[in-house]
Structure formats: structure tokens, C-alpha cells
Amino acid sequence: MLNVSIYRYNPEVDSEPYMQDFKVDTQGKDVMVLDVLEKLKAEDPTLTFRRSCREGVCGSDGVNISGKNGLACITPLSEAVKGNKLVIRPLPGLPVIRDLVIDMSQFYAQYEKIQPYMINNTPAPAIERLQSPEERAKLDGLYECILCACCSTACPSFWWNPDKFIGPSGLLQAYRFLADSRDTATEERLANLDDPFSVFRCHGIMNCVQVCPKGLNPTKAIGHIRSMLIRSAT
Amino acid sequence: MVTSVTSFGRSGLSDWMIQRISAWIMTAYVAFMVCYFVGNPELTYAQWAELNSSLAMRMFSLVTILSIAAHAWIGMWCVLTDYVTLRLVGPKATAIRIFFQLGMIAITLLYVVWAIDILWGI
Amino acid sequence: MANIRTMSFDAVIVGGGGSGMRAALQLAQSGYKTAVITKVFPTRSHTVSAQGGITCAIASDDPNDQWQWHMYDTIKGSDYIGDQEAIEYMCQTGPEAIFELEHMGLPFSRTEEGRIYQRPFGGQSKDFGNGGQAARTCAAADRTGHALLHTLYQGNLKNETTFLNEWYAVDIVKNEDNAVVGVVAINIESGETVYVKSKATVFATGGAGRIYASTTNAHICTGDGVGMALRAGFPVQDIEMWQFHPTGIHGAGTLVTEGCRGEGGYLINKDGERFMERYAPNAKDLAGRDVVARSMVLEILEGRGCGENGDHVYLKLDHLGEETLNAKLPGILELSRTFAHADPVKEPIPVVPTCHYMMGGIPTNVDGQALTIDKDGNDQVIQGFYACGEAACVSVHGANRLGGNSLLDLVVFGRASGMFIEKQLREGINLKDARESDIEAAMVSLNRINNSAGGEKASVLRAELQTIMQNYFGVFRRGDFMKEGIEKLNALRPRIENVALEDKSNAFNTARIEALELQNLFATAEATAIAAEGRTESRGAHAREDFQERDDENWLCHSVYFPETKTLGKRGVNFNLKTREAFEPKVRTY
């Protein structure tokens with residue numbers, strides 16, 4: 001029997017959050033953390049968490065698993081259980097709505113701030129805008145972000161200034177558009193990032209890289225943004 | 001763009017550049033000093049005074065002092081805006097931060113003036 | 001009881017996936033007050049899981065490619081019950097819709113010429129089936145759905161669409177003229193119930209793959225739109241047509257794109273034999289999905305399945321080389337390593353046909369207007385009601401969808417619905433306001449759940465439902481089995497209506513949402529069962545052991561399921577092509 005400890009908080013019932021312990025029979029199988037949550041929810045329907053695709057592409061079920069942020073659906077127990085114990089908490093740093101569900105509005109607000117869409121005011125051709133495979137390759141490692149917030153909520157700078165620091169996820173997307181040969185708003189985008197908070201609160205501790213379930217590297221992207229800012233200033 | 005925040009430089013980029021450049025200057029100064037002491041194991045006061053009376057050395061020391069001041073100011077400003085915020089401390093955050101920042105300014109100014117006095121008072 | 005807050009919009013789109021956001025984008029761009037009600041944050045919608053690509057004749061891989069060839073493939077793929085007018089519209093308009101997406105920033109993979117990369121997919125041909133395999137599926141690596149969905153969300157942010165994120169639409173509100181004038185919806189975070197009033201209500205609620213135990217579909221694919229339409233008394237079309245994707249990962253159900261076979265992968269049985277050569281000598285592994293899925297099941301049934309229990313086959317990719325796999329199929333490598341514990345670079349992936357797509361849905365015309373059938377068998381437009389994407393049956397997929405056509409369907413018809421509604425709004429839509437009693441009628445099923453006392457757990461009932469559907473309405477179907485299945489469903493109905501909801505709290509109550517979703521799953525399952533039992537032939541994905549032949553005399557038509565009488569009617573297939581004479585039904589071989 002696996003010992004599972006889960007963060008519980010229902011604002012209508014509980015005066016404060018608490019950790020609830022469960023025992024789960026996994027029949028020795030190396031199932032995913034989400035399978036354990038589903039099994040528990042079948043028993044206790046009040047247990048609340050987000051989930052959708054269950055294959056690591058929708059980004060719904062980012063939670064803190066035994067101390068490390070990750071997606072419940074693609075984290076096997078073999079990676080998450082320490083000493084027969086699995087501890088599941090909501091992603092840290094953002095307000096908890098209920099149990100493992102957090103209020104992500106601040107995270108999304110930072111994403112929206114970087115103008116996460118193509119800007120190109122030149123007349124569009126009748127077919128697609130051409131882009132060489134080399135130019136397109138620059139977007140690899142950037143466009144795959146699933147907005148799960150595992151990175152940003154693992155970042156102390158984002159914990160302290162979630163309203164001012166864009167955070168690793170938003171900055172990865174900022175660079176996704178800066179790096180796109182089809183986007184023409186580079187100067188405008190850079191100008192919007194050149195304050196002491198938006199980019200420069202990143203101190204390069206790389207928590208984001210360590211937790212990203214898609215294996216992306218926001219720190220590297222932030223480095224590229226910095227280089228672009230330096231180049232545009234000189 | 002995040003606006004209405006006071007910082008040392010004009011922008012995040014200039015702050016960041018100042019941090020890097022000042023760090024290099026401080027490193028160079030420390031390295032120079034270490035080499036100097038290692039190269040002169042039997043240092044006398046006269047030698048030491050001579051070194052520090054040259055204009056180049058005085059300028060080097062002054063630039064280093066200013067680097068320390070800028071580096072500390074930006075670093076402390078970062079720390080204060082990380083931890084002494086409305087979210088973490090509550091409504092008194094701004095007052096507390098201004099108090100600490102004024103204190104920082106006072107101390108930094110004092111050190112810079114004092115250092116100049118030492119350098120040019122030899 | 002209907003004392004609830006009202007929010008008013010020009011247009012409301014229920015569903016924040018590909019088709020919903022494409023429709024919303026069109027309307028937001030035109031300046032109409034548009035809201036998207038979506039039960040998950042938009043980029044968590046199931047479109048995100050689409051992998052291989054979006055099929056469209058943009059003439060990149062082959063400069064001489066023609067949309068007419070794509071049209072032919074799609075009609076043949078549909079086993080001739082796809083509406084030819086709709087297919088013509090989709091294939092002809094497709095390139096325009098794709099280029100729009102590219103201009104919006106969709107990061108398509110590229111060819112050396114800088115054009116959009118296209119890969120071969122199943123059922124694709126050149127020159128009306130005479131020119132060999134075509135490569136017509138536009139791809140962003142094997143993450144096309146993700147790239148598409150994010151691009152559409154970004155486009156909507158740019159155009160300031162109103163998103164009601166994590167809101168759940170409960171039921172349709174109809175006025176006294178039986179026109180649709182909005183929905184009752186719950187704000188999941190606060191639990192507040194709101195009447196969302198609208199001049200145009202678009203259902204882009206996606207599929208219902210979760211009616212089966214083994215599915216590639218996300219947890220959220222619970223047929224909410226179909227369920228709501230059925231409860232409102234509106235019919236659904238061809239709902240017996242469920243696509244089983246040949247390559248779901250054995251045990252986990254997660255999808256492995258057809259693009260794997262497009263890039264040169266193939267299926268093998270336990271003897272290492274490439275068995276598709278026997279079933280489809282020309283197209284082999286790239287035959288229609290229904291053909292491949294059936295062949296796989298036959299291999300397994302005849303004892304040539306792989307693994308300890310001989311219950312799956314293998315998809316072999318290692319001969320493609322690590323470099324190609326990393327460049328073209330990086331997501332598949334990840335999924336296979338995670339869910340099958342198999343590294344495709346070195347070993348084959350265990351796969352099995354898995355429920356994937358609902359070809360049927362709410363019948364609509366090319367403009368997205370939802371239809372019902374009157375007493376005389378004529379189409380009647382339901383005022384105020386529209387549908388697009390998987391929830392709709394326009395019908396471009398007929399009895400079997402071709403790979404890559406669902407993304408095209410949702411973009412083209414999301415766009416078409418948006419454009420048509422824009423035109424209607426400009427001309428003026430006048431629908432009578434809902435009366436108090438109309439809103440109350442839309443709250444009946446919510447109130448029943450909210451007042452539940454006793455009953456069984458949703459999780460238990462859902463599992464039972466899924467098992468029944470899996471066992472009695474799977475890849476191969478048989479009349480007597482299906483009758484038994486329908487009886488089991490009948491026994492399950494009162495238990496599901498009486499589902500337990502012990503937790504009556506308001507804040508983010510997912511137990512309430514799951515209880516409501518269960519009603520929709522059941523409604524969709526029941527319609528599927530009755531329609532499947534009623535269609536006494538084999539066509540496309542609907543394969544009956546007791547009626548093994550296609551019966552064009554009686555069944556070259558849509559089935560229409562009427563919820564009030566729980567009976568099956570027929571509706572003619574549209575053979576009116578604008579640009580050429582219709583494609584007559586032929587024997588379908590690959």
C-alpha cells in the first residue's frame with residue numbers, strides 16, 4: 001500500500017488548508033500520479049484537481065509532486081515516490097482555489113503582456129509567408145510550451161513579483177515571437193521588456209529548466225532576450 | 001512594460017549592465033591587490049603609500065568604490081523590491097522600503113565620501 | 001427558481017477548442033460582442049492532442065496537387081455518405097483557411113523552398129485515385145493540433161474575444177418558437193449559475209470518445225453538445241459512426257499519429273509480418289483508418305497478435321533512423337517512452353485500435369446552421385443554433401474520416417459559421433426573448449443533480465457505461481449483441497439519472513461537473529447504440545458481422561436519431577457538387 005498525502009482546502013468548509021493521508025493499492029504497478037489521483041477521486045469525489053488530455057500536452061494537471069513541480073499524468077510513481085510516500089500539493093506561489101486547483105490569472109496575465117501573437121503588418125501574400133527550415137528550427141524548443149505553469153511557479157522571482165516579472169513561461173513565449181522570422185515587431189517587443197522587472201528579475205537559477213515537463217529551456221531563451229536587448233541598445 | 005518603479009539606471013538593461021561591469025571592476029581590483037601582496041611579501045608602509053599616491057591607483061580605487069556603491073545599491077534595491085512588497089509585508093511595505101532605501105543612500109554616500117577622503121588625504 | 005443573472009452577447013460559442021476559437025475569431029474580428037464558454041482554459045481543449053497534421057491541397061509537396069483530388073479521397077473515405085457539397089466547400093476553401101493560420105503565426109514545419117511541409121497520410125491519392133500516394137497533410141512536426149490551438153488562442157487574444165474560462169454549459173435555452181436563445185452555464189470557480197443570452201449560439205463542444213473504455217480522447221470529451229442538443233429535443237446524425245484509430249498505445253490509449261505510417265512506419269504481427277500488404281495491397285498501411293483498424297482486429301482474433309495475451313500488434317519505426325524520428329516525430333518518441341516503455345528508435349510500439357473520433361453529431365448545413373427534420377422529412381433550420389467541429393455533422397466525414405481532415409473541418413467550418421453569423425447579425429436577428437419558464441426548463445437537469453439524495457457514484461456508473469459501449473458497440477458489431485447492449489443501457493439509465501452528488505459546495509465543484517458530464521455521455525451512448533443497431537449494413541467505421549456488405553439501396557443515407565421517440569430516421573446524402581458532376585458510389589478498395 002502506497003502512502004499518499006494530499007493538500008486539501010475547500011474554502012466553504014475549511015478554515016485553513018491541511019494535509020490528508022490516504023492509502024492506495026497500486027498493485028505494485030508503476031502507474032502515473034494522475035492515475036492515483038483518479039483512483040482517489042473515485043472514492044472521494046470532493047478531491048479536486050484539473051486534468052484533461054492525460055498525455056502531457058494540455059498542461060492542466062501541473063502540481064507539486066513530492067517537492068517538484070510536474071504534470072501528474074506523465075510522472076510515474078517510480079519518479080515521484082520517496083520512501084513509499086507520495087506528497088501532492090498545488091503548484092506553489094499562486095492562490096489556491098480548492099485542493100490542487102490554483103488561480104492562474106496572474107500567470108495568464110503575464111503571458112498576455114508579451115503580446116503572444118504574430119505581428120506583421122506587411123500585406124500577406126496569397127500563399128503562406130515563406131520561412132526556411134533553418135529559420136523555422138529557431139522556434140523549436142519554444143513553441144512547444146503548454147502553459148502548465150510548472151516553471152513559473154518554481155521560480156522565486158515569480159513568487160515575489162508575479163505581477164511585475166513575466167516569468168519563465170511568458171519569457172519563453174516572448175522569445176518565440178522575437179525569434180520568428182515572420183514577426184516584424186522586434187523593436188516594439190524589446191522596448192516593452194526593457195524595465196528592471198519584466199526580464200531582469202531572472203537571476204538564472206534555472207529552476208524552470210529543471211521542472212519543465214516538456215524539456216524546454218526558458219533560461220536560455222531569457223539569455224537570448226538579454227542579448228537582443230544589448231544589441232538593440234548599442 | 002512595468003513602469004513607475006525607481007531604480008538606479010534608466011532601464012533593466014542598464015541596471016543589469018552596471019551590475020556586470022561593476023562586478024568585473026571589483027574582481028579586477030581584488031585580483032590586482034592579491035597579486036600585489038603576493039608579489040611584495042615584505043611590504044613596507046612607504047611602498048604602500050607610494051602605490052596609493054599615484055593618480056592611476058587613486059582612480060582605480062575610486063572607480064572600484066563607485067562600483068561597490070552602484071553594485072550594492074542595485075542589489076539591495078532588488079532584494080527590497082523582492083521581499084518588502086505589498087504582497088509579502090502588507091500596506092506598510094512602501095514606507096518600510098523607502099526607509100531602508102534612504103538608509104542605503106545615506107550609508108553609500110557616507111562610504112563614498114569617506115573613501116575619497118582617505119584616497120586623497122594620504 | 002430561475003432567478004439567475006443574465007449575461008447578453010451577440011454570439012456565444014460553447015467550446016474553446018479549434019472550431020470554437022476559429023468561429024470566435026471571425027466574430028471578434030467583425031466587432032460583434034462574442035463570448036466563448038469553455039469548461040477548460042482554451043489551450044487545454046482536446047484539439048491540442050492532434051498530432052499528424054491538417055490535410056489540405058496547398059500544392060507544396062506536389063505543385064500540381066488539386067483540391068478536387070482531396071475532395072475525391074474524402075468522399076471515397078466517407079464511404080459515400082459524406083455530403084458532397086460540404087466536402088467540396090471544405091477542400092476548395094481549405095487552402096485559404098490554412099494560409100490564414102500561417103499568417104497568424106502557426107509554426108508549420110517547412111520544406112527547403114520555405115513552404116509548408118506536407119506528409120503522406122492514409123487514404124490520400126493523386127488524380128482521383130489513379131496517381132498513387134499523395135502527401136497532403138500540412139504538419140508542424142507531430143504537434144500540429146497544439147500549434148494550431150495555441151495560434152488560435154493567440155489570435156483571439158489579439159482580437160480581444162471575451163473568454164468565460166472554466167465555465168460549463170449545462171443546457172440549451174429555447175424560446176416559445178423553439179429557437180435557441182442561449183444557454184444556462186455554471187461558473188465552475190464560483191459555482192454561480194448564469195443565463196448566457198445570445199442571438200447566435202454555436203456548439204463547438206467536440207466529441208464524446210469517453211463513452212468508450214479505451215479511447216484516445218481526453219477526459220473532457222464527454223459529448224456535452226450532443227447531450228444538450230438531445231435533451232433539447234434536437235436530432236443527431238450518423239451517430240453510430242465512431243472511428244477507431246488503428247494506433248492507440250496498448251493499455252494507455254494515447255494516440256500515435258498516422259503520420260508515423262506516413263513517414264514510413266508500418267504494422268507487424270507476432271510473426272513480424274507486415275500484414276497490411278494482405279488486406280490493402282496498394283495503400284498498405286495507409287489505407288483508410290476503418291480498413292486498417294479492422295485488419296488489426298482480425299490479426300488479433302486469428303491469433304497473430306503480439307504480447308503475452310496476443311491482444312495487440314506492433315508499429316515498427318526503428319528502420320526510419322533516429323535522426324528522422326527526432327525531426328519528424330519527436331512527440332511520439334516522448335509518448336511511447338512514457339506510456340509504452342518502448343523506445344521507437346530501437347523497438348516497435350505496441351498498438352491497438354482505440355476509439356478516436358465521432359463522425360456523427362448535430363446535423364448542420366455548410367453555414368453551420370443546425371438542422372432538424374420535419375414531419376415530411378425536410379430539413380428545417382433551428383433558429384439561433386449553430387454547430388461546428390467534431391460536435392457537428394456537416395457531414396464531411398460520412399462513415400469514416402480521413403486522417404488530417406478533422407483539423408481542416410474545424411478550421412473551415414468554424415470560420416464558415418463565424419462568417420455566416422456575422423452576416424446574419426449585420427442583417428439583424430430577431431428572436432423572442434426567453435420566458436422565465438424557458439430558462440427554468442433549461443435548469444431541470446441541473447436541479448435534479450443538485451437535489452440528488454442517495455444514488456451511486458459517478459465514477460462507478462461511468463465505468464459501467466464505458467464497458468458496455470466497448471463490449472457491444474466496438475470495431476465489429478452484431479445485431480443480437482447490440483440488442484443486449486441496448487437492454488443494459490436501459491437498465492443503466494435510471495441509475496445514471498439518479499447519480500449521487502453528495503458534495504453540494506459551490507467552489508470548483510468538479511464532482512457536480514462530472515455528474516452533469518455523465519448525463520451527456522449517456523445520452524450520446526444511447527443514441528450511438530440505437531443508431532448502430534438500426535443501420536443494417538456495413539459501411540465505413542460501422543462494421544456488422546450480421547450485415548457484412550454495404551447496402552446502397554437502403555442505406556446510402558444519413559441516419560437521424562430523434563431523442564423524443566428514440567427512433568431512427570433517414571436523411572438524404574447531398575450529391576450536389578457545384579464544380580462538377582457528383583462522385584457516384586463505387587466499391588471501396590485501397
Side-chain angles (χ1 to χ4, degrees), chain A residues 10-13 30 32 38 41-43 45-60 74 76 97-99 101 103-104 108 111-112 115-120 124-133 135-136 139-140 142-147 176-177 180 182-183 214-215, chain C residues 40-41 43-46 48-49 58 60 95 98-100 102-105 107-117 140-141 143 145-147 150-151 154-155 157-158 189 218-220 252 254-255 331 334-335 338-339 457-460 463 500-503 505-511 514:
Chain A
N10 179 348
E12 287 164 59
V13 181
D30 188 17
M32 300 294 169
E38 290 285 352
K41 189 171 175 65
E43 297 300 314
T46 66
L47 178 63
T48 305
F49 51 90
R50 293 188 175 104
R51 86 281 181 272
S52 175
C53 75
R54 60 83 169 89
E55 55 190 31
V57 293
C58 79
S60 299
I74 53 168
I97 296 173
R98 179 174 175 172
D99 293 350
V101 174
D103 177 355
M104 296 174 75
Y108 296 136
Y111 173 67
E112 287 172 30
Q115 298 182 289
Y117 36 77
M118 175 76 62
I119 300 175
N120 185 333
I127 59 164
E128 68 268 42
R129 287 197 163 92
L130 299 183
Q131 185 175 46
S132 71
E135 287 168 333
R136 168 59 182 74
L139 308 184
D140 285 333
L142 305 172
Y143 82 96
E144 300 94 323
C145 173
I146 57 174
L147 301 179
R176 176 248 173 278
F177 288 98
D180 197 319
R182 300 168 294 170
D183 191 276
K214 306 307 285 180
Chain C
V40 292
F41 182 76
T43 64
R44 326 266 184 235
S45 305
H46 189 52
V48 83
S49 295
I58 59 161
S60 161
I98 299 289
F99 295 141
E100 277 171 7
E102 195 283 333
H103 298 154
M104 280 163 61
F108 281 112
S109 301
R110 299 288 169 158
T111 63
E112 284 305 319
E113 293 75 41
R115 296 209 59 193
I116 294 171
Y117 169 73
R143 305 187 180 96
H146 170 278
H150 281 251
T151 302
Q154 293 161 352
L157 284 180
K158 192 176 184 180
E189 184 180 335
H219 285 286
I220 55 170
T254 39
L255 173 69
E334 242 177 79
L335 281 174
T338 308
F339 289 102
K457 283 193 171 119
S459 55
V460 175
L501 181 68
E502 282 171 31
D503 178 9
S505 63
N506 288 313
F508 223 99
N509 187 339
T510 48
E514 287 191 16

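Note that these values count all heavy atoms, side chains included, but never hydrogens, waters or copies made by symmetry. Letters A, B, ... mirror the listed sequences (proteins, then strands); counts begin at 1.
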J.: Do any N or O atoms from the side chain of A/Ser60 and from the backbone of C/Arg44 form a donor-acceptor pair under 3.5 angstrom?
T.: no
J.: State whether the side chain of A/Asn10 and the backbone N or O of A/Glu12 hold a donor-acceptor pair below 3.5 Å, judged by distance alone.
T.: yes
J.: Name the member of C/Pro107, C/Ala511, C/Gly331, C/Ser60 that forms the most heavy-atom pairs with chain A at distances under 4.5 Å.
T.: C/Pro107
J.: Kindly write out the residues that satisfy salt bridge (charged side-chain N to carboxylate O under 4.0 Å, His left out) with A/Asp180, not counting sequence neighbours, or none if the list is empty.
T.: A/Arg176, A/Arg182
J.: If I measure from the heavy atoms of chain C, does A/Leu47 come under 4.5 Å with its side chain, its backbone, both, or neither?
T.: backbone
J.: Side chain from CB out, backbone as N, CA, C, O: work out which of these in A/Pro76 comes under 4.5 Å of a heavy atom of chain C, or both, or neither.
T.: neither
J.: A/Asp183 side chain to A/Ile119 main-chain N or O, any donor-acceptor pair under 3.5 Å?
T.: yes
J.: Check whether A/Val57 gets within reach of chain C through its side chain, its backbone, both or neither, counting any heavy atom under 4.5 Å.
T.: both
J.: Highest number of heavy-atom pairs under 4.5 Å with chain A: which of C/Val40, C/Thr111, C/Val48?
T.: C/Val48
J.: Measure distances from C/Glu514 to the heavy atoms of chain A and classify the residue's part below 4.5 Å as side chain, backbone, both or neither.
T.: side chain
J.: Mark yes or no for whether C/Glu102, through its side chain, and A/Arg129, through its backbone, hold a donor-acceptor pair below 3.5 Å.
T.: yes
J.: So A/Glu38 and A/Arg51, salt bridge (Lys or Arg N to Asp or Glu O under 4.0 Å) or not? Walk me through it.
T.: CA-CA 10 Å; A/Glu38 290 285 352; A/Arg51 86 281 181 272; 3.4 Å; yes
J.: Counting only heavy atoms closer than 4.5 Å, note whether C/Thr151 contacts chain A via side chain, backbone, both or neither.
T.: neither
J.: Between A/Ser52, A/Cys145, A/Ala42, A/Pro125, who has the most heavy-atom pairs with chain C when the cutoff is under 4.5 Å?
T.: A/Ser52
J.: Mark yes or no for whether C/Asn509, through its side chain, and C/Asp503, through its backbone, hold a donor-acceptor pair below 3.5 Å.
T.: yes
J.: Of the backbone (N, CA, C, O) and the side chain (C-beta and beyond), which part of C/Glu100 lies under 4.5 Å from a heavy atom of chain A, both, or neither?
T.: neither
J.: Which residues satisfy the side chain to side chain donor-acceptor pair (under 3.5 Å) test with C/Thr510, sequence neighbours excluded?
T.: A/Lys41
J.: Side chain, backbone, both or neither: which part of C/Ile116 has a non-hydrogen atom closer than 4.5 Å to chain A?
T.: both
J.: In terms of heavy-atom proximity below 4.5 Å to chain A, should C/Lys457 be classed as side chain, backbone, both, or neither?
T.: side chain
J.: Does any backbone or side-chain atom of C/His46 lie under 4.5 Å from a heavy atom of chain A? Answer side chain, backbone, both or neither.
T.: neither
J.: Given 3.5 Å as the limit, does a donor-acceptor pair link the side chain of A/Arg136 with the main chain of C/Phe108, or not?
T.: yes
J.: Does a side chain donor of either A/Thr48 or A/Arg98 reach within less than 3.5 Å of an acceptor in the other side chain?
T.: yes
J.: Hey, which of A/Gly215, A/Ala124, A/Gly56, A/Gly59 has the most heavy atom pairs under 4.5 Å with chain C?
T.: A/Gly59
J.: Which one wins on heavy-atom pair count under 4.5 Å against chain C: A/Gln115, A/Glu112, A/Arg50?
T.: A/Arg50
J.: Does any backbone or side-chain atom of A/Pro11 lie under 4.5 Å from a heavy atom of chain C? Answer side chain, backbone, both or neither.
T.: side chain
J.: Side chain, backbone, both or neither: which part of A/Glu144 has a non-hydrogen atom closer than 4.5 Å to chain C?
T.: both
J.: Given a strict heavy-atom distance threshold of 4.5 Å, which part of C/Phe41 is in contact with chain A: side chain, backbone, both, or neither?
T.: side chain
J.: Quick check on C/Ala252 against chain A: is it the side chain, the backbone, both or neither that has a heavy atom closer than 4.5 Å?
T.: backbone
J.: Roughly how far, to the nearest 0.5 Å, is CD1 of A/Ile74 from CD of A/Glu55?
T.: 10.0 Å
J.: Measure from the side-chain N and O atoms of C/His103 to the backbone N and O of A/Ile127, and report whether any donor-acceptor pair falls under 3.5 Å.
T.: yes
J.: Of the backbone (N, CA, C, O) and the side chain (C-beta and beyond), which part of A/Leu139 lies under 4.5 Å from a heavy atom of chain C, both, or neither?
T.: side chain
